[in-house]
Amino acid sequence: MDLTLSSISEIAEAVQSKKVSAKEVTAHFQNRIESLDGKLNSFTAKNENALREAEALDVRIAKGESVGALAGVPFGIKEMLCTKGLPTTAASKILENFVPPYDATVVDRLKKAGVIVLGKLNQDEFAMGSSNETSHFGPVKNPWNTDCVPGGSSGGSAAAQAARLVAGTIGTDTGGSIRQPASFCGVVGVKPTYGRVSRYGIIAYASSLDQAGPFANNVKDAALTMEVISGFDPHDSTTTQRNVPAWSKNLSANIKGMKIGVMKEFMTSGLLDSDVQKTVENSIQALKSMGAEIVEVSIPKAEFAVPVYYLVAASEASSNLSRYDGVKYGYRSEFKNLAAVDLEEFYGKTRGEGFGKEVKRRIMLGTYCLSSGYFDAYYAKAGQVRRLIMNEYLDAFKKCDVILSPVTVSPAFKIGERISDPLQMYLNDIFTTSTNLAGLPGMSLPFGLSQTGLPIGVQLTASHFEEQKMLNVAFALEGASPVKGKLPHVF
Ligand code: GLN
């Protein structure tokens, strides 16, 4: 069995039926991490107990105990998610060496399903960024071309997935942080509907937008992982009480008669790189030839998605990040005589040294937007426009089942190319942020390669809680994808 290229379900089946031990699987992927991650910098911490945990699972299987749907499957988890006993830092100096005493619900559910967590994955600091260059641990390299960024903020998750350093990874998506790196690294990445997946134990960035989701090598693996991590959680009042559908079992590539909306504004923006344009056009042709009907839809207010997103996200971040003060946990500046330091100086020095430049920029912007006298003009107004964007989507979904669009304007860019120009970096999120503002499920599916050999994904979006429709269209497209089975150079 070629473990590296096996799917999640193949690994789980083989472990459960004792064709291979969880310990062998763990050791195989640990070796890959050891030999390849030096080039990528995707892992920030490794789980030293992984082999012992795998052995314990093998013992349970030998005894005939029923183990979960993901028995022995090795996963990597983004730094944003709390993992008991493993560092969780949001890739920020302010949380340096922080080890949480509990697991995020997502991690807890994965472990209960039999997953072996191999380690934590690099990201942009506090998930603020689109290139993984704001990380305290340094940039992650794209496995297809190590001069390029892997995307962000879940860059480590996407890179580790693409290089098959683990069988599955988890990321978070506040404005595109799963879909954009999935597109840049040529893997599947899904952001579920807001409320599908518990945010308990996930470091909060922008609470009304944050959602965790899977990266995977194929659509079925992503669906299977979603089944495990989704569902109501009493610890997160924004999770839905709805049942979790059996997405992976219900996958169907028969999309005959389905209506696929193509967004006028995104296709005619004039911003698209020609390889991206061609990839989206190829996917439209593929959908047509499988019997889907293409309809034009329009979301005119999507034009405001980037400014509205950056207002909402920065405002919520400024509030969420006020808890990092160096008092109870995380980084604290050194003071010669702590008793003589006043609180303002204590906070100022600690936060000044602990946060990176981009995070500070957002805290300042967000604090300004929320300050009295400005709240109505900024945060409240952004909330109103946000509602209008959602209304336009709901109208569009009266005409179609799933919307198809580009994920980003271009394939992965070079490390260092955009980091000094925040506005250019923010504009990178032009096609992904509206999905989060409207709370919709969205995903990226690999469908092309640029002339320079970099992967390009297409984005699918569905109405609230209609993940199955979106996954089915992705499943159909996956079968027709010109890049199916193509592997990155790092191999
Ligand atoms: N690039 C966006 C930002 O910097 C999105 C990040 C995310 O989804 N976490 O806010």
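In listed order, ligands and their atoms are each counted from 1.
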(request) Looking only at protein heavy atoms, identify the closest one to atom 5 (C) of ligand 1 and say how far it is in Å. (result) Y309 OH, 3.3 Å
(request) Kindly state whether the ring of F266 and the ring of F431 have centres lying under 6.0 angstrom apart. (result) yes
(request) Would you check whether Y426 reaches within less than 4.0 Å of ligand 1, judged by its heavy atoms? (result) no
(request) Say whether S153 and ligand 1 are in contact under the criterion: heavy-atom distance to a ligand atom below 4.0 Å. (result) yes
(message) For F355, does the six-membered ring have the charged nitrogen or CZ of K360 within the cation-pi criterion, i.e. under 6.0 angstrom from the centroid and within 45° of the normal?
(response) no
(request) Please report which non-hydrogen protein atom sits nearest to atom 2 (C) of ligand 1, along with the residue it belongs to and the distance in Å to one decimal place. (result) D429 OD2, 3.1 Å
(request) Could you list which atoms of ligand 1 come closer than 4.0 Å to a heavy atom of M128? (result) 4 (O)
(message) If the cut-off is 4.0 Å to any non-hydrogen atom of G175, which atoms of ligand 1 fall inside it?
(response) 5 (C), 7 (C), 8 (O)
(message) When you measure from the centre of the six-membered ring of F465, is the NZ or CZ of R242 closer than 6.0 Å and no more than 45° off the axis?
(response) yes
(message) Give me the nearest non-hydrogen protein atom to atom 7 (C) of ligand 1 as residue plus atom name, then the distance to 0.1 Å.
(response) S177 OG, 2.3 Å
(request) For A127, take its heavy atoms, then give the atoms of ligand 1 lying under 4.0 Å from any of them. (result) 6 (C), 7 (C), 9 (N)
(request) Could you say whether the N/O atoms of S130 and ligand 1 ever approach to under 3.5 Å? (result) yes
(message) Between ligand 1 and E358, can you find any atom pair, the residue atom being a heavy atom, that is separated by under 4.0 Å?
(response) no
(message) Angle between ring planes, H489 versus W144, binned at 30° and 60°: parallel, tilted or perpendicular?
(response) perpendicular
(request) Please work out which of the three classes, parallel, tilted or perpendicular, describes the rings of Y324 and Y329, given edges at 30° and 60°. (result) perpendicular
(request) Using a 4.0 Å heavy-atom threshold (strictly under), name the region of R362 that reaches ligand 1: side chain, backbone, both or neither. (result) side chain
(request) Examine Y205 against ligand 1 and note whether any of their N/O atoms are separated by less than 3.5 Å. (result) yes
(request) Only one of T279, D273, V276, L271 passes side chain to side chain contact (heavy atoms under 4.5 Å, CB included) with P406; say which it is. (result) V276
(request) Give yes if a backbone or side-chain nitrogen or oxygen of G176 is under 3.5 Å from a nitrogen or oxygen of ligand 1, and no if not. (result) yes
(message) Could you tell me if N122 and S135 have a donor-acceptor pair between their side chains, going purely by distance under 3.5 Å?
(response) yes
(message) Less than 6.0 angstrom separating the ring centers of Y200 and Y102, yes or no?
(response) yes
(message) Exactly one of E467, E466, H464, Q211 should register a side-chain hydrogen bond (donor to acceptor under 3.5 Å, both in side chains) with T193. Which one does?
(response) E467
